[in-house]
Amino acid sequence: MQRPLDVLGSSTDKKIIVRTKNGENIVGTLRAFDSHINIWLDDAEIQGESSIKLGKVLIRGDSIVYISPGQ
Amino acid sequence: MQRPLDVLGSSTDKKIIVRTKNGENIVGTLRAFDSHINIWLDDAEIQGESSIKLGKVLIRGDSIVYISPGQ
Amino acid sequence: MQRPLDVLGSSTDKKIIVRTKNGENIVGTLRAFDSHINIWLDDAEIQGESSIKLGKVLIRGDSIVYISPGQ
Amino acid sequence: MQRPLDVLGSSTDKKIIVRTKNGENIVGTLRAFDSHINIWLDDAEIQGESSIKLGKVLIRGDSIVYISPGQ
Amino acid sequence: MQRPLDVLGSSTDKKIIVRTKNGENIVGTLRAFDSHINIWLDDAEIQGESSIKLGKVLIRGDSIVYISPGQ
Amino acid sequence: MQRPLDVLGSSTDKKIIVRTKNGENIVGTLRAFDSHINIWLDDAEIQGESSIKLGKVLIRGDSIVYISPGQ
Amino acid sequence: MQRPLDVLGSSTDKKIIVRTKNGENIVGTLRAFDSHINIWLDDAEIQGESSIKLGKVLIRGDSIVYISPGQ
């Protein structure tokens, strides 16, 4: 039986993109997540015309629309 | 007795469209869901003038307006 | 003793209109609902200048403003 | 000891106005309510330059700003 | 030990102003409140260039920014 | 072990500023707070080009972005 | 087993940036946090064309999009 959060379980230490409700795309390496879908990324940056480097970041689950590890 | 989430139960491994609160339509193959209506799609893309490929994606339930498997 | 959700209980297999918080009116045949007011419609379409056919759809309760079976 | 929901308890089968968070005023006859302030109205219509008749309607409590039976 | 809701407890049957999240100021006489900060006002009106009389009104707690009995 | 709400515990009877989600800054003397971060201020006013005096005010916790006692 | 909130645990007494849902960046020294991700910062200021000094501040968890200690 698969569950949606398995998407995250199989992406640990891989690069993912997080889309936030305020319309930003944050890219980084997934280090940890919890049942609220709070996300810890390393080497994160906000994508845009000129990217903004964040480094380590904790993203609150309830600010997130979707999360994608790509293929 | 039918329940609303049966719409998802009968759509596993089928193509569905997810409408998010920020106005995007994400199309992909349903792999898993849970009681919060968190959704795991494969081969997902955001529909628009030019589609954006996401591949595998986890969509948070509370960001979703509706989900449709079509006919 | 009547309860608000009786409006839905008496509308099963009838045509209803669902108004969502993002301002769309979705019309379809009510198949099932639950205590969160998640709604399963069949033969659904989004009303507008040109209607958009959805077919079967699951609408999340917390995206809904009101639901009306008409008379 | 009075409680706020007594406003609804004393308004059953009377005409009330419901103000929703998306800025609409819905007028109708109160048939039932619950602790979430979900509301069932009969003979409801959305007030505006030209009123829109809804007939029977279930309004979700968390979409409501205020409810008034008038005097 | 004082608690924030004591502001309401000491304002029963007095005139208060309620600021809602949609930017309206509703003035009226406080009759009752509960732990969700649902508010029952009598003789209420919405302040503005031309006030709108509501009479008796139930305001949902989660639509409220602040409540003030003035001095 | 310090906790975030200690910021409020050490500010009782002192002047604080409360930033609300609708963009207003409310300044006043903190009288009480609870675990929901509901706030009771005395001698409160809304800051702006011309300040608006509120006197005593109860601010709902879920309307608040941040609270600062300054230095 | 790492958890997302470890990002905060390892940042106590260090400078972090907090991005709020209303689009402000607040920079300060992390003193404490809790499971709701309520945050206590010292020496905080709101970044912008001209920074606004806040000093000590309590930021409500549900107003936060992300938190970053940088590298």
Side-chain angles (χ1 to χ4, degrees), chain C residues 1-54 56-71, chain D residues 1-70:
Chain C
M1 181 62 190
Q2 291 178 310
R3 296 164 304 166
L5 270 60
D6 292 344
V7 172
L8 299 176
S10 63
S11 300
T12 306
D13 297 326
K14 293 183 184 158
K15 195 170 178 176
I16 64 170
I17 184 166
V18 177
R19 172 78 163 183
T20 64
K21 289 184 181 167
N22 64 349
E24 291 176 329
N25 291 320
I26 304 177
V27 177
T29 303
L30 178 64
R31 290 302 180 215
F33 64 93
D34 61 24
S35 63
H36 303 290
I37 313 188
N38 292 316
I39 298 286
W40 165 3
L41 297 182
D42 275 349
D43 303 317
E45 59 181 57
I46 303 174
Q47 292 185 319
E49 289 184 22
S50 60
S51 294
I52 299 170
K53 287 189 186 302
L54 293 173
K56 187 186 291 189
V57 68
L58 166 65
I59 308 172
R60 276 193 104 241
D62 87 333
S63 295
I64 294 174
V65 181
Y66 59 76
I67 299 167
S68 174
Q71 288 314 116
Chain D
M1 181 63 190
Q2 291 178 310
R3 297 164 304 167
L5 271 60
D6 292 345
V7 172
L8 299 176
S10 63
S11 299
T12 306
D13 296 326
K14 294 183 184 157
K15 195 170 178 177
I16 65 170
I17 184 166
V18 177
R19 172 78 163 183
T20 64
K21 289 184 181 166
N22 64 350
E24 291 177 330
N25 291 320
I26 304 176
V27 178
T29 303
L30 178 64
R31 290 301 180 215
F33 64 93
D34 61 24
S35 63
H36 303 290
I37 314 189
N38 293 316
I39 297 286
W40 164 3
L41 297 182
D42 276 349
D43 304 316
E45 59 180 57
I46 303 174
Q47 291 185 321
E49 289 185 22
S50 61
S51 294
I52 299 170
K53 287 187 185 304
L54 293 173
K56 186 185 293 189
V57 68
L58 166 65
I59 308 171
R60 277 192 104 242
D62 87 333
S63 294
I64 294 174
V65 181
Y66 60 76
I67 299 166
S68 174

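No experiment lies behind these values; they were computed from the predicted model shown. In the text below, chain A, chain B and the rest are named by the order of the sequence lines, each starting its count at 1. Side chains included, hydrogens not; waters and symmetry mates left out as well; all remaining heavy atoms used.
Atom CZ of residue Arg60(D) and atom CD1 of residue Ile67(C) lie 8.0 Å apart, to the nearest 0.5 angstrom. Atoms CD and OG, on Glu45(D) and Ser68(C) in that order, are 12.0 Å from each other to the nearest 0.5 Å. A distance of 5.5 Å separates CD1 in Ile26(D) from OH in Tyr66(C), rounded to the nearest 0.5 Å. In this structure, OG in Ser11(C) is found 6.0 Å from NZ in Lys56(D), a value given to the nearest 0.5 Å. If you take CG on Leu5(C) and CG on Asp34(D), they are separated by 7.0 Å, rounding to the nearest 0.5 Å.
For chain C, the nearby part of Ile46(D) is the side chain; its heavy atoms alone come within less than 4.5 Å. Only the side chain of Ile37(C) comes within less than 4.5 Å of a heavy atom of chain D; its backbone N, CA, C and O stay farther away. If you measure heavy-atom distances from Ile59(D) to chain C, the contacts under 4.5 Å come from both the backbone and the side chain.
Not counting sequence neighbours, Gln47(D) has no partner by the side chain to side chain donor-acceptor pair (under 3.5 Å) test.
Proximity of Asn38(D) to Arg3(C): side-chain heavy atoms (C-beta onward) are nowhere separated by under 4.5 Å.
Using a 4.5 Å cut-off between non-hydrogen atoms, the part of residues 12-22 of chain D that approaches chain C consists of Thr20(D), Asn22(D).
Residues Trp40(D) and Pro4(C) share a closest heavy-atom pair of CB-CA, 3.9 Å.
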